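Predicted model only: the values in this text are computed from it and were never measured.
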2 protein chains.
Amino acid sequence: MSSRGLRTRERILAAAEQDLIAHDGIDIVRVASAAGISVGGLYHHFAAKDDLLAAVVTAFHARHNEQVIYAEIPGPWRERERERIRRSVRFHYADPLAPLLVTRAVTDAQIARIDAQELARAARASAANLAAAQRNGELPATLDCDLAGAMLMGGSRQVIARALTLKRRPAASRLADELWAMCAAIVDA
Amino acid sequence: MSSRGLRTRERILAAAEQDLIAHDGIDIVRVASAAGISVGGLYHHFAAKDDLLAAVVTAFHARHNEQVIYAEIPGPWRERERERIRRSVRFHYADPLAPLLVTRAVTDAQIARIDAQELARAARASAANLAAAQRNGELPATLDCDLAGAMLMGGSRQVIARALTLKRRPAASRLADELWAMCAAIVDA
DNA sequence: ACCTGAACACCGTTCAAGT
DNA sequence: ACCTGAACACCGTTCAAGT
């Protein structure tokens, strides 16, 4: 793809993200206009509205994964995961899409679908992470990693959603500490 | 409203629920046809597609509340909540709408929106429930009820979603036991 | 390849007319 | 009040034509 094409594509993505934040959903005509392109031109870059939405939401999750999930953090399991939670809270506090996506107050079903898939994927990844720590002897052998992974990810998600909707958000470090305490309690039960 | 009108309304609701299960979303023409009524006739009972969807999804939550949330269960807090979790798992295993709603694999944004609101509401209700037990001295005074409520409801939701998507679901009683163990660990931390 | 803008298609909604 | 079915409206998508 040419550099001109790439730049247009980026303009469309940025316009779509802004439109999503402003209206809890996107309108193709509005996005095209904001991006300075015709509707037909937009469709040259994205085959359908759902594809454009998917690109915007996937970019959000890619940012999160890069800063939190794939981050190389040294130390024993508990230290690593505690630090990961800190980073995840900071990420959600800072990213402009987080409040909208995390509360699911969205007018497009495609966003909700991707989000649900992403949460299920995170739960499975967490389960695998727990199982690895379990094999190392860092977690009790009795832990059901599959269920605990779902509990940790589903719970953390809702805790962050709750914090993001409060008028006065708790400090990121305090929220991370409380969240970690609950996560630690689950895996040590 | 006349008994004839009420019966028609019920037929529409039943057709919509079936359509939702069969197609992960509803089509007004399809629902009207399945309910044996014209499109215009359907609109006599529901002002918009979103209202019909809301009625179907709200009925699901009303069933859950009746069997689980508002149920009068005797005994101390831990006994009560453990029993509540058992009933919630049984409810989700039995209700035909549960797999679809709980996994959010839905083609209508309205469903996702209602579901997100309902989960946030459940988290606040759980927080109030925890606070009451805390005042009774049944839970540690250090517990942050607001965050714990979000953790419990968000986590439980994802655990049940995970179980419902497995080809071989764990036995309801075992799932309830494991879920309760994790919930108890959170509030006793 | 990249883009335009008018025509098209799909599906939710309305409405004049009937019982 | 309850219902019909054709017309309407809205918005995502296509496409012939341009650079």
Side-chain angles (χ1 to χ4, degrees), chain A residues 1-58 100 105-115, chain B residues 1-58 100 105-115:
Chain A
M1 180 174 310
S2 76
S3 126
R4 175 195 175 199
L6 271 179
R7 269 184 295 118
T8 307
R9 191 189 151 90
E10 286 307 317
R11 275 208 328 277
I12 296 170
L13 281 171
E17 183 169 322
Q18 284 313 113
D19 207 52
L20 187 52
I21 292 169
H23 302 92
D24 299 354
I26 70 172
D27 176 302
I28 289 292
V29 175
R30 226 160 47 200
V31 169
S33 151
I37 200 175
S38 66
V39 195
L42 188 151
Y43 274 86
H44 180 74
H45 293 273
F46 297 94
K49 182 185 181 180
D50 274 359
D51 293 333
L52 175 53
L53 281 170
V56 172
V57 176
T58 300
L100 181 67
V106 124
T107 65
D108 270 285
Q110 170 75 347
I111 301 178
R113 246 195 329 268
I114 294 177
D115 179 73
Chain B
M1 180 172 310
S2 77
S3 127
R4 175 194 175 201
L6 272 179
R7 270 185 294 117
T8 306
R9 191 189 150 89
E10 286 306 317
R11 276 209 327 277
I12 296 169
L13 280 171
E17 182 168 323
Q18 284 313 114
D19 208 52
L20 187 51
I21 293 169
H23 301 93
D24 298 356
I26 70 172
D27 176 301
I28 289 293
V29 175
R30 225 161 46 200
V31 169
S33 152
I37 200 176
S38 66
V39 195
L42 188 151
Y43 274 86
H44 181 74
H45 293 273
F46 297 93
K49 182 186 181 180
D50 274 0
D51 294 333
L52 175 52
L53 281 170
V56 172
V57 176
T58 300
L100 181 66
V106 123
T107 65
D108 269 284
Q110 170 76 345
I111 302 177
R113 244 194 331 267
I114 293 176
D115 179 73

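Using a 4.5 Å heavy-atom cutoff, the side chains of A:V57 and A:D115 are not in contact. Considering only heavy atoms from C-beta on, B:K49 comes within 4.5 Å of B:D108 through its side chain. B:T107 has its side chain out of reach of B:H23: every pair of non-hydrogen atoms, C-beta onward, lies at least 4.5 Å apart.
If you measure from atom CD1 of A:I37 to atom C1' of C:dC3, you get 6 Å, rounded to the nearest angstrom. Between B:R9 atom CZ and D:dA1 atom C1' the separation is 15 Å, expressed in whole Å. Spacing between atom CZ of A:F46 and atom P of C:dC2 amounts to 12 Å, rounded to whole angstrom units.
Side chain of A:S33 to backbone of A:V29: no donor-acceptor contact under 3.5 angstrom is found. Between the A:D27 side chain and the A:R30 main chain, a donor and an acceptor come within less than 3.5 Å of each other. No side-chain donor-acceptor contact under 3.5 Å links A:R113 to the backbone of B:A105.
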Q: Treat a base pair as Watson-Crick or G-U wobble with both distances under 3.5 Å, then lay out DNA chain D in dot-bracket form, 5' to 3', with | for cross-strand pairs.
A: ||.|||||...|||||.||

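Residue B:H45 places at least one side-chain N or O closer than 4.0 Å to OP1 or OP2 of D:dC3. For B:H44, a side-chain nitrogen or oxygen approaches OP1 or OP2 of D:dC2 to under 4.0 Å. Taking side-chain N and O atoms only, A:S2 has a distance below 4.0 Å to OP1 or OP2 of C:dC2.
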**Q.** Heavy-atom protein contacts under 4.0 Å, nucleotides 5-19 of chain C, coded B base, S sugar-phosphate only, - none
**A.** B------SBBB----

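A:L42 comes within contact range of no nucleotide atom at all, as no heavy-atom separation falls under 4.0 Å.
The two residues B:V31 and B:A15 have their closest heavy-atom pair at O-CB, 3.8 Å.
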